[in-house]
Amino acid sequence: MISPAVALLLCWMLVPLGLTLYFSFLRYNLLMPGMEQWTGWTNYYFFLTDPSFWDAIRNTLTLVIGVLIITIIGGVLLALLLDQEMWGRNIVRLLVIAPFFVMPTVSALVWKNMFMNPVNGLFAQLSGLLGLEPFDFFAHAPLSSIIAIVSWQWLPFATLILLTALQSLDREQLEASEMDGAGSINRLLFIVLPHLARAITVVILIQTIFLLSIFAEILVTTNGGPGTATTNLTFLVYAQSLLQFDVGGGSAGGVIAIVLANIVAIFLMRMIGRNLDA
Amino acid sequence: MARAVPARRKMLTTILGWGVGLTIFFPILWTFLTGFKTEAEAIASPPSFLLFDWTLSAYDAVNQRTDYLKHFWNSVVISFGSTGLGLLIAVPAAWAMAFVPAKRTKDILMWMLSTKMLPPVGVLIPIYLIFRDAGLLDTRLGLVIVLTLINLPIIVWMLFTYFREIPVDILEAARMDGAELRSEILFVLVPMAVPGIASTLLLNVILAWNEAFWTLNLTAAKAAPLTAFIASFSSPEGLFYAKLSAASTMAIAPILIVGWFSQKQLVRGLTFGAVK
């Protein structure tokens with residue numbers, strides 16, 4: 001009964017993976033069909049020594065780490081807030097999680113044009129009303145702007161998971177510690193945050209998997225530019241293979257991306273595997 | 001025992017909570033409102049919030065100049081098609097894992113999960129070339145296939161965590177009464193698991209609806225779903241705020257509503273049961 005699912009996934013994984021690996025050792029350009037040649041490690045050599053590769057690695061890491069920091073800190077604060085009693089809490093919850101359901105191309109375009117545009121964007125208009133110079137987000141801080149957009153999309157995810165974890169906290173333990181004279185900061189540091197540690201780890205690992213492959217947001221806002229300022233590894237491989245038609249080089253990049261993602265994946269799998277036994 | 005919260009404190013958290021909630025939601029609200037403005041009003045300074053002449057002209061323009069309905073239909077076919085196909089494959093698999101676990105079951109589950117970690121860009125080129133040669137580029141069938149495979153691990157996992165909570169005794173009783181395997185799954189397991197299957201369906205429709213790597217790379221015009229349709233606004237149409245807003249609202253409204261209904265299941269599905 002498992003076999004159809006296993007067989008399909010096995011094909012899905014092995015066939016393209018094998019082909020990517022194979023292509024990565026070929027000189028293979030889509031514009032020169034029939035000229036494929038075995039070249040050994042050449043593609044890897046060129047890909048790894050290309051300065052844009054290191055730019056892409058740096059951008060990928062900045063993007064992932066930046067978004068993680070913002071969403072984790074914001075998510076913990078929001079979860080603590082939403083855990084409090086308030087009127088209309090369910091509606092607030094709906095408002096907070098809404099960005100998660102907005103498709104990446106929409107959120108990127110709306111933010112880029114309607115908010116961050118230096119002439120007509122809402123931020124430019126507001127700074128105009130305050131008598132300040134409008135800030136050209138995508139010209140002066142392209143990567144930070146993308147980090148901001150992606151953080152907005154992922155904050156709901158972190159909040160929702162941390163809130164769920166928070167609600168499983170034993171209230172009596174909190175009250176007992178309060179009776180023992182623990183202040184609210186101490187309660188946060190020594191009871192709440194340790195309780196959330198597991199959920200935070202899960203958020204970090206799952207978001208990392210998705211953030212490593214950010215693509216649409218970059219495609220519709222900056223196209224990787226200016227220069228390589230917002231090119232991440234995913235976008236670099238896309239550009240190399242589908243814009244420059246260099247299948248060999250792109251495949252080498254793909255293999256490198258897989259290796260990097262696997263390092264993260266190993267940690268995630270351990271976490272979830274441990275949970276499966278519990 | 002929960003204690004009564006002082007009214008003053010509740011008032012403060014209410015104000016703070018609504019303030020933060022509305023701030024986070026504001027871009028969506030602003031997009032929704034701008035869709036009902038004229039192009040001139042959309043960029044008017046200072047911007048008007050609610051007091052403008054509400055008009056449907058932007059919606060009319062989007063529907064006249066582009067084929068919104070076609071892209072909407074593509075999104076529906078692709079997201080429901082891939083989820084439906086995924087469920088057909090995953091229900092038997094999850095049944096076997098939950099009720100007849102073998103020594104390897106856990107390994108297989110973990111391995112399925114690991115396929116989800118494969119960065120899509122690592123397999124973009126072979127898939128692109130295979131699709132090109134098979135004539136699947138820019139077809140809805142092609143995208144249904146890819147998205148089914150992408151989300152299959154999540155579907156199997158979610159079903160597995162739901163099935164695991166169903167007492168195995170009931171299935172055994174049905175078997176004792178002479179139910180065949182097929183009817184055991186179809187008439188005993190599935191009806192009991194309807195809530196779980198429904199939330200699996202919803203979450204995967206959402207994920208497929210918003211998927212924007214494969215849909216952008218494997219479609220051009222014919223099979224382009226809403227993600228790609230909106231991407232075509234990136235320039236220069238993106239500067240026509242009212243039209244951009246109208247198109248965006250139409251693209252996100254259906255799935256936002258579905259998402260709000262399935263928010264409880266979201267956590268469980270997205271963390272593969274690690275956080276419940």
Side-chain angles (χ1 to χ4, degrees), chain A residues 1-2 4-6 8-9 12-13 16-17 19-20 23 81 84-87 92 94-98 101-106 109-110 113-114 120 122 125 129 160-161 164-165 199 202 206 209 212-213 215-216 219-220 234 237-238 241 247 250-251 254 257-258 261 265 269 272-273 275-276, chain B residues 5 10 13-14 16-18 21-22 24-25 27-28 31 43 45-47 89-90 92-93 95-96 106 108 110 112 114-115 117 119-123 125-127 149 152 156 206 210 212-213 216 227 230-231 233-234 238-239 241 244 248 251-252 255-256 259-260 263 266-267 271-272 274-275:
Chain A
M1 300 297 273
I2 311 180
V6 171
L8 280 171
L9 278 173
W12 166 246
M13 221 177 135
L17 212 58
L19 283 173
T20 303
F23 291 158
L81 177 64
Q84 308 289 319
E85 272 194 48
M86 64 175 82
W87 286 291
V92 173
L94 290 182
L95 294 180
V96 169
I97 63 170
F101 304 117
V102 176
M103 53 178 68
T105 45
V106 165
L109 275 183
V110 162
N113 291 313
M114 294 172 53
N120 291 320
L122 200 58
Q125 292 195 345
L129 288 180
L160 206 55
I161 286 175
T164 310
V202 171
I206 290 177
I209 295 291
L212 282 172
S213 325
F215 173 76
L219 180 78
V220 300
T234 299
V237 174
Y238 155 80
S241 39
V247 169
S251 298
I258 292 172
M269 305 288 286
I272 294 174
N275 185 58
L276 208 61
Chain B
V5 176
K10 193 168 169 181
T13 47
T14 303
L16 192 61
W18 278 86
L22 286 173
I24 290 174
F25 188 68
I28 299 173
T31 306
I43 54 169
S45 181
I89 304 167
W95 171 83
K106 194 189 147 188
I108 292 178
M110 295 310 286
M112 282 192 167
S114 75
T115 64
M117 320 277 166
V121 78
V123 292
I125 300 159
I127 298 291
L149 289 165
L152 193 56
V156 171
I206 296 170
N210 288 340
F213 180 78
L216 286 175
T227 43
I230 295 294
F233 277 75
S234 67
L239 295 172
Y241 291 176
L244 172 66
S248 300
I252 62 175
I255 220 63
L256 183 59
W260 275 340
Q263 53 151 330
L266 208 70
V267 174
T271 59
F272 303 97
V275 174

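What's counted below: heavy atoms across the whole structure, side chains too, no hydrogens, waters or symmetry copies. Predicted model, so just to flag it, every value in this text is computed and none were measured. Sequence lines set the chain letters: A, B, ... in the order given, protein chains first and strands last, and positions in each chain run from 1.
Of all heavy-atom pairs spanning B:A251 and A:V106, the tightest one is CB-CG2, 4.3 Å. Contact record, B:K10 with A:E85: CG-O, 3.7 Å, taken as the closest heavy-atom pair. Scanning both residues, A:T105 and B:T227, for their nearest heavy atoms gives OG1-O, 3.1 Å. In this structure, B:W18 and A:W87 approach most closely via the heavy-atom pair NE1-O, 2.9 Å. In terms of heavy atoms, A:Y238 sits closest to B:V121 at N-CG2, 4.2 Å. Residues B:P27 and A:V110 come closest through the heavy atom pair O-CG1, 4.4 Å.
For B:L152, the part sitting under 4.5 Å from any heavy atom of chain A is the side chain, from C-beta outward, and nothing else. Interface remark: A:I258 contributes backbone and side-chain atoms alike to the contact with chain B (heavy atom separation under 4.5 Å). Only the side chain of A:F23 comes within contact range of chain B, with at least one heavy atom under 4.5 Å from a heavy atom of that chain. Contact annotation for A:L81: only side-chain heavy atoms (C-beta onward) come within less than 4.5 Å of a heavy atom of chain B. Contacts of A:L94 with chain B are made by both backbone and side-chain atoms, with heavy-atom separations under 4.5 Å.
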Taking it one step at a time, do B:I125 and A:T20 satisfy side-chain contact (heavy atoms from CB on, under 4.5 Å)?
-> CA-CA 7 Å; B:I125 300 159; A:T20 303; 5.6 Å; no
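For the set B:L216, B:I206, B:I24, the entry with the most heavy-atom pairs within less than 4.5 Å of chain A is B:I24. Listed options B:I252, B:I127, B:T14 were ranked by heavy-atom pairs under 4.5 angstrom with chain A; first place goes to B:T14. Note on A:L9, A:V96, A:V237: by heavy-atom pairs under 4.5 Å with chain B, the leading option is A:L9. Contact tally against chain B (heavy-atom pairs below 4.5 Å) for A:L129, A:L219, A:L160: the top residue is A:L160. Of the listed residues B:S248, B:P119, B:A231, B:A212, the one with more heavy-atom pairs under 4.5 angstrom with chain A than any other is B:P119. Counting heavy-atom pairs under 4.5 Å between each of A:V92, A:L19, A:V220, A:L17 and chain B puts A:V92 at the top.
Between the CE atom of A:M103 and the CD1 atom of B:I255 there is a distance of 7.5 Å, given to the nearest 0.5 Å.
The side chain to side chain contact (heavy atoms under 4.5 Å, CB included) test applied to A:A98 returns B:F25, B:I28, B:L256, B:W260, not counting sequence neighbours. Every residue two or more places apart in sequence or in another chain that forms a side chain to side chain contact (heavy atoms under 4.5 Å, CB included) with B:L149 is listed here: A:L8, A:W12, B:I145.
The backbone N or O of B:Y241 lies less than 3.5 Å from no partner atom in the side chain of A:N113, so there is not a single donor-acceptor pair.
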